[in-house]
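Residue numbers begin at 1 in each chain, while the letters A, B, ... track the order of the sequences. The analysis underlying the following values was restricted to heavy atoms, covering all of them including side chains, and did not include hydrogens, waters or symmetry mates.
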Number of protein chains: 2
Amino acid sequence: RIALPVFASDALSSVAYAPDEIFLTLSLAGIAGYAFSWPIAVAVAVVMLVVVLSYRQTVHAYPSGGGDYEVATVNLGRRPGLVVASALLVDYILTVAVSVSSGVQNAKAIFPQLVGHEGIWAAALILLLMTLNLRGVRESGTFFAIPTYGFMVAVIGMTLFGAFRILGLGEELHAPTADYTIVGDPFYGSLTSIAVVVLLARAFSSGCAALTGVEAISNGVPAFKEPKSRNAATTLGLLGAVAISMLGGIIWLANVTGTKVIDESSGVVLTRGEEVVRHTDTIMGQLAATVFDGFYPGFLFVVATTMIILFLAANTAFNGFPVLGSILARDGYLPKSLHTRGDRLAYSNGIILLAVAASTLVLVFNASVTALIQLYVVGVFVSFTLSQLGMLRHWTRHLRTEVDPAARAHMVRSRAINAVGLTCTGTVLVIVLAAKFIYGAYLTVVAMALLFALMWAIQRHYAKVARETALDPSETRTLPSRVRAVILVNELNKPAMRAINFARASRANTMEAVVVAADPDAVEQLRDEWDELNPGITLTVIASPYRQVVAPFLAYVKGLRSGNPRDVVMVYLPELVVGHWWERLLHNQTGLLIKARLEFFPGVMVTAVPYQLASSQVALERAVRSDAAAWRRPGSGAVHVGAHLDD
Amino acid sequence: RIALPVFASDALSSVAYAPDEIFLTLSLAGIAGYAFSWPIAVAVAVVMLVVVLSYRQTVHAYPSGGGDYEVATVNLGRRPGLVVASALLVDYILTVAVSVSSGVQNAKAIFPQLVGHEGIWAAALILLLMTLNLRGVRESGTFFAIPTYGFMVAVIGMTLFGAFRILGLGEELHAPTADYTIVGDPFYGSLTSIAVVVLLARAFSSGCAALTGVEAISNGVPAFKEPKSRNAATTLGLLGAVAISMLGGIIWLANVTGTKVIDESSGVVLTRGEEVVRHTDTIMGQLAATVFDGFYPGFLFVVATTMIILFLAANTAFNGFPVLGSILARDGYLPKSLHTRGDRLAYSNGIILLAVAASTLVLVFNASVTALIQLYVVGVFVSFTLSQLGMLRHWTRHLRTEVDPAARAHMVRSRAINAVGLTCTGTVLVIVLAAKFIYGAYLTVVAMALLFALMWAIQRHYAKVARETALDPSETRTLPSRVRAVILVNELNKPAMRAINFARASRANTMEAVVVAADPDAVEQLRDEWDELNPGITLTVIASPYRQVVAPFLAYVKGLRSGNPRDVVMVYLPELVVGHWWERLLHNQTGLLIKARLEFFPGVMVTAVPYQLASSQVALERAVRSDAAAWRRPGSGAVHVGAHLDD
Ligand SMILES: [K+]
Ligand SMILES: [K+]
Ligand SMILES: [K+]
Ligand SMILES: [K+]
Ligand SMILES: [K+]
Ligand SMILES: [K+]
């Protein structure tokens with residue numbers, strides 16, 4: 001058993017929208033443009049083959065799952081690596097936006113009432129994905145397997161059934177749009193050489209959307225069964241074969257049934273006599289209706305599996321985005337707190353960020369796949385190209401030291417494959433950039449540049465802090481001479497008493513309880529209680545003629561320090577632990593302010609001595625529940641405490 | 001010298017809008033209604049006299065400045081006291097909204113382009129007041145004196161000059177609206193008994209807006225020079241006399257010059273032939289234009305001083321609101337952190353809250369004084385009435401024990417005055433409630449009820465916590481048996497070294513540095529560095545098979561505790577102190593999460609050991625600046641550190 005389904009949904013789902021993008025771009029030149037659909041499909045299939053073969057090399061050479069980011073960083077350096085990282089972050093966002101948008105576009109074949117509300121429905125689906133992923137729903141292999149195989153069965157079954165009806169039974173199948181005429185764009189319709197070149201470049205670039213998702217597999221090698229690299233490589237090969245077959249089948253069926261698709265915003269329309277049509281169903285929807293003509297369950301199965309695999313593809317981005325974030329955090333390009341994979345906040349933040357970015361896109365572009373595709377393909381091919389360049393360097397470097405002839409022969413072959421891959425993906429990247437730049441790809445370039453600048457700045461900040469905090473081994477390590485403990489009290493109650501007892505247990509050199517006399521009556525009462533109960537420690541009253549608390553206390557602590565700079569002051573703050581956020585507003589606020597101010601005093605430590613109120617039980621249970629949700633996420637689990645390795 | 005100006009602005013400024021409210025309500029019955037302006041003015045003057053006389057008793061009996069809240073709480077109990085507090089909080093918000101709105105309405109006589117944008121300009125002025133008060137601008141006595149005396153001079157001067165022209169020179173003065181006809185409301189125009197009763201009730205209730213601000217003086221007794229009570233009482237008397245004179249002067253001038261005012265939203269219009277007028281200037285604006293006819297500086301002086309005193313009146317609320325908040329916080333009705341008068345946050349929060357509430361009101365009601373007056377007067381008279389009831393109880397209680405005949409006679413006289421005050425203000429309260437309830441007073445009642453419920457709930461919460469945390473003197477006070485120190489480290493750098501050194505100085509029973517092995521490579525590197533640099537303390541590595549940090553560390557701490565429940569665990573967290581909010585996102589996040597979780601563990605203390613990065617200097621300077629701004633506020637000042645009273 002190989003792990004095809006889990007990683008295949010992203011790559012396979014692209015077959016759902018790539019043919020549409022090819023055909024609707026060709027529609028610009030009218031029906032004459034459709035003649036180019038086969039050459040373009042073949043070109044896309046060739047690129048796919050080359051990319052798949054290239055990535056098989058990566059999978060063998062980098063089995064750790066770092067993917068393109070690791071390949072580029074190791075072989076090309078930190079800047080190219082960060083370019084790839086920026087491209088991949090944008091790629092994840094667009095995978096969600098495009099997949100969900102395509103799902104909604106396909107859904108319109110079943111629910112025509114969605115027309116005009118695509119953006120809001122796509123955003124709602126993204127919100128649903130976010131919620132599922134925040135709750136840490138665990139997806140089993142089966143969960144992926146059924147719809148992935150279902151989608152393959154649906155598309156290949158539809159192709160075979162269509163072929164049987166056409167070739168076997170000799171039927172003529174007519175798509176719903178078959179007897180319409182395309183009124184294209186006069187520039188492309190002229191079919192001058194320049195028009196044909198631009199048209200082919202644009203249609204091919206859009207068709208390359210079929211390749212998006214292949215890059216995801218190289219990140220997932222560690223999740224395969226042993227032998228991991230081999231299984232991953234096999235999966236990649238299978239995936240390429242299946243994708244090319246599905247793509248070919250769809251293109252053939254669309255051509256033979258006269259299926260036509262147009263993009264509403266391009267100005268192209270379909271006409272039949274007086275009738276003018278500005279909106280068509282997706283190719284998948286039209287083909288399913290044509291091939292299973294009258295057999296509704298067949299139609300429904302094709303459209304439904306298409307929608308589900310697109311939804312799953314979006315979901316894989318929700319898994320991958322936080323993982324990449326965690327890797328980037330490990331390398332200091334994102335806040336380091338995002339690194340620890342199993343902890344909740346890191347994942348939650350990534351999931352929310354991804355959902356916000358993707359929903360913004362689908363709302364802005366009203367879930368138009370055609371508009372979003374202009375942004376999508378660039379990032380993927382930046383990643384492909386730099387990754388292939390990295391692999392080239394990788395083999396060249398290893399060839400320098402390798403002496404075994406068999407291994408060398410293998411490496412030379414691998415290098416040749418990656419060289420072809422680099423040439424191919426680099427060429428496609430140039431074509432895509434040229435063909436799509438003004439149609440939206442510039443937005444991707446800007447987004448990548450901003451992400452790059454942000455992550456570079458974060459890394460610089462961490463490097464600066466690391467230099468500032470680095471230990472100088474020549475420094476003498478003098479221990480503080482004395483510890484002076486100060487317990488800030490307001491009332492003589494259990495929390496104060498706990499703080500006093502804990503402070504006494506830690507045996508400082510001097511120790512005193514301190515109260516600020518902001519309210520003279522209250523302080524008088526406290527002193528009486530103190531005398532009566534005798535908590536075993538001196539009470540110092542700090543005068544506060546202006547009824548302040550924070551400032552006089554800070555001044556007092558400062559005074560303690562100035563006696564001997566090698567003294568350390570330990571400030572104990574009794575703290576009430578409560579259950580609800582609004583209770584927090586009612587307690588500990590002055591303590592928080594004091595703590596925030598004391599941070600600036602070198603040689604002063606602040607110890608919070610928590611006192612758990614009964615109501616804090618609620619918050620504790622909430623915390624356990626929310627942490628547990630994070631722990632249900634795949635890749636994490638129960639907590640194990642290790643041995644004391646140094647004991 | 002008596003302190004008239006500072007406290008007078010709120011009360012005197014009411015003269016700017018109360019006459020308008022009387023006249024525009026009477027306009028409902030057409031010009032016939034204006035015949036009632038004198039009786040109503042006299043009634044308002046009588047109520048003012050009674051209230052002023054009553055408050056002179058309060059000022060003598062309660063010189064501490066707690067005002068109506070104190071009087072009601074001491075004499076009637078906590079619930080009536082809290083009702084007064086709710087009424088006063090609403091009163092402050094409406095003082096700001098009404099005063100600023102009236103200022104904008106008066107400004108329209110000079111800047112007609114304000115028409116239609118009153119709400120937004122009023123909100124902008126409130127924002128300006130908020131900013132000034134947040135920055136802690138210190139208002140000197142002179143700052144108040146000039147505009148207050150200026151306003152008195154302007155209004156009394158205008159009255160005298162008008163009287164000189166009319167009575168002395170025998171001129172006939174015609175207001176700009178003099179030769180218009182009022183087209184009133186048919187119901188009131190009918191002048192049936194029921195219509196007259198309702199009209200008089202509504203006009204009188206609105207006229208009672210002239211009394212708003214008197215209550216503020218009883219809160220300000222401590223600010224007077226010695227003998228405080230006597231000076232405050234004299235001020236009150238003077239204030240009443242001045243206010244009644246000004247009110248009488250304006251009413252007389254308005255009647256004699258034929259001034260007419262209408263409220264745009266009431267449907268009443270002015271007509272002259274075909275011409276229909278739906279908007280009039282304020283009475284003050286019309287009178288100034290009429291009396292100083294052609295002498296622009298005179299006109300400008302009257303309108304400008306009116307605007308300024310209204311602005312000052314709003315400003316007094318910005319001083320009073322946080323003070324009342326502080327008193328309520330002292331009594332546990334608001335978060336206790338708001339109590340400490342001199343500290344910055346308490347004041348800032350109060351100022352911002354007041355500004356937000358008042359701007360919302362002016363925006364919703366588009367700075368219509370007439371609409372806001374419907375909300376305003378109720379709260380003031382609730383406070384008046386409960387305060388008088390409290391004073392009645394006060395004298396009755398004291399008479400029970402007093403034996404000196406002279407003192408008793410004095411008390412009996414005072415009690416009689418307060419009894420008259422109670423009857424009078426109680427009656428007015430009933431009239432105001434009846435006349436204004438459906439026009440907006442219900443909103444005030446709802447707001448007061450919500451505030452009451454909120455503050456009552458807060459007080460109950462504090463009482464519950466106090467019971468839960470109260471020391472039980474019979475409990476044995478056992479000290480923790482051992483202190484186990486745990487220093488959480490990630491890297492071996494200066495912050496970690498400082499935490500280790502500080503922990504060592506406090507001599508716990510056991511001590512260890514702990515690292516969670518979320519990143520095996522990083523931990524391996526740390527162990528190598530540890531062996532090399534030898535920081536003098538054991539390093540414990542906690543296994544983390546799922547690359548989490550928080551959960552394994554919590555489990556480890558829990559394990560330490562379970563050995564002996566009387567042990568205390570002291571967790572040291574090295575903490576980087578940075579300068580900018582965005583730097584905070586890059587550091588200490590895991591520490592914060594750990595601290596939030598450890599709070600729930602009894603017997604665990606968390607000590608933050610701050611390490612100040614160079615960039616933290618920026619934040620330190622910002623903190624000092626912002627604290628300093630708070631310290632410039634009147635009533636606070638330099639910090640004094642008291643002697644150790646118990647040493
Ligand atoms: K693909
Ligand atoms: K993708
Ligand atoms: K994809
Ligand atoms: K007044
Ligand atoms: K007032
Ligand atoms: K007031």
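Heavy-atom minimum distance, A:Tyr611 versus B:Glu468: OH-O, 3.9 Å. Minimum interatomic distance between A:His587 and B:Tyr462 (heavy atoms only, all atoms of both residues): CE1-CE2, 3.7 Å. When every heavy atom of A:Gln612 is checked against every heavy atom of B:Phe601, the shortest pair comes out as NE2-O, 3.3 Å. Residues B:Arg498 and A:Gly603 come closest through the heavy atom pair NH1-N, 4.5 Å. Closest heavy-atom contact between B:Pro335 and A:Leu585: CB-O, 3.6 Å. In terms of heavy atoms, B:Pro495 sits closest to A:Thr469 at CD-CB, 3.4 Å.
The neighbour count for A:Asp519 CG, taken as heavy atoms of other residues, nucleotides or ligands under 6.0 Å away, is above 12. A:Arg566 CZ: more than 12 foreign heavy atoms inside a 6.0 Å radius.
If you measure heavy-atom distances from B:Ala466 to chain A, you find no contacts under 4.5 Å at all. Only the backbone of B:Ala508 comes within less than 4.5 Å of a heavy atom of chain A; no side-chain atom from C-beta onward does. Contact annotation for B:Val568: only side-chain heavy atoms (C-beta onward) come within less than 4.5 Å of a heavy atom of chain A. Of the two parts of B:Leu573, neither the backbone nor the side chain holds a non-hydrogen atom closer than 4.5 Å to a non-hydrogen atom of chain A. Heavy-atom distances place the backbone of B:Val604, and not its side chain, under 4.5 Å from chain A. The contact between A:Ala614 and chain B is made by backbone and side chain atoms together, counting heavy-atom distances below 4.5 Å. Contacts between B:Arg330 and chain A at a heavy-atom distance below 4.5 Å involve the side chain alone, from C-beta outward. Heavy atoms of B:Asn509 lying under 4.5 Å from chain A belong to its backbone as well as its side chain.
Among A:Val578, A:Val609, A:Leu613, the residue making the largest number of heavy-atom pairs under 4.5 Å with chain B is A:Leu613. Residue with the most contacts toward chain A among B:Val577, B:Val606, B:Val483: B:Val606 (heavy-atom pairs, distance under 4.5 Å). Highest contact tally toward chain A, considering only B:Pro602, B:Ser616, B:Ala496, is held by B:Pro602 [criterion: heavy-atom pairs under 4.5 Å].
Side-chain contact check for A:Val465 versus B:Leu586: every heavy-atom pair is 4.5 Å or farther apart. Put simply, the side chain of B:Phe502 does not reach to within 4.5 Å of the side chain of A:Met570, judged on heavy atoms.
For the atom pair CG (B:Leu576) and CD (A:Glu599), the distance works out to 10.0 Å, reported to the nearest 0.5 Å. Taken from CD in A:Glu583 to CD1 in B:Ile458, the straight-line distance is 11.5 Å, to the nearest 0.5 Å. Note that CZ of B:Arg467 is 14.0 Å distant from CG of A:Asn493, once rounded to the nearest 0.5 Å.
A salt bridge links B:Lys595 to A:Glu575: one of the charged nitrogens lies within less than 4.0 Å of a carboxylate oxygen.
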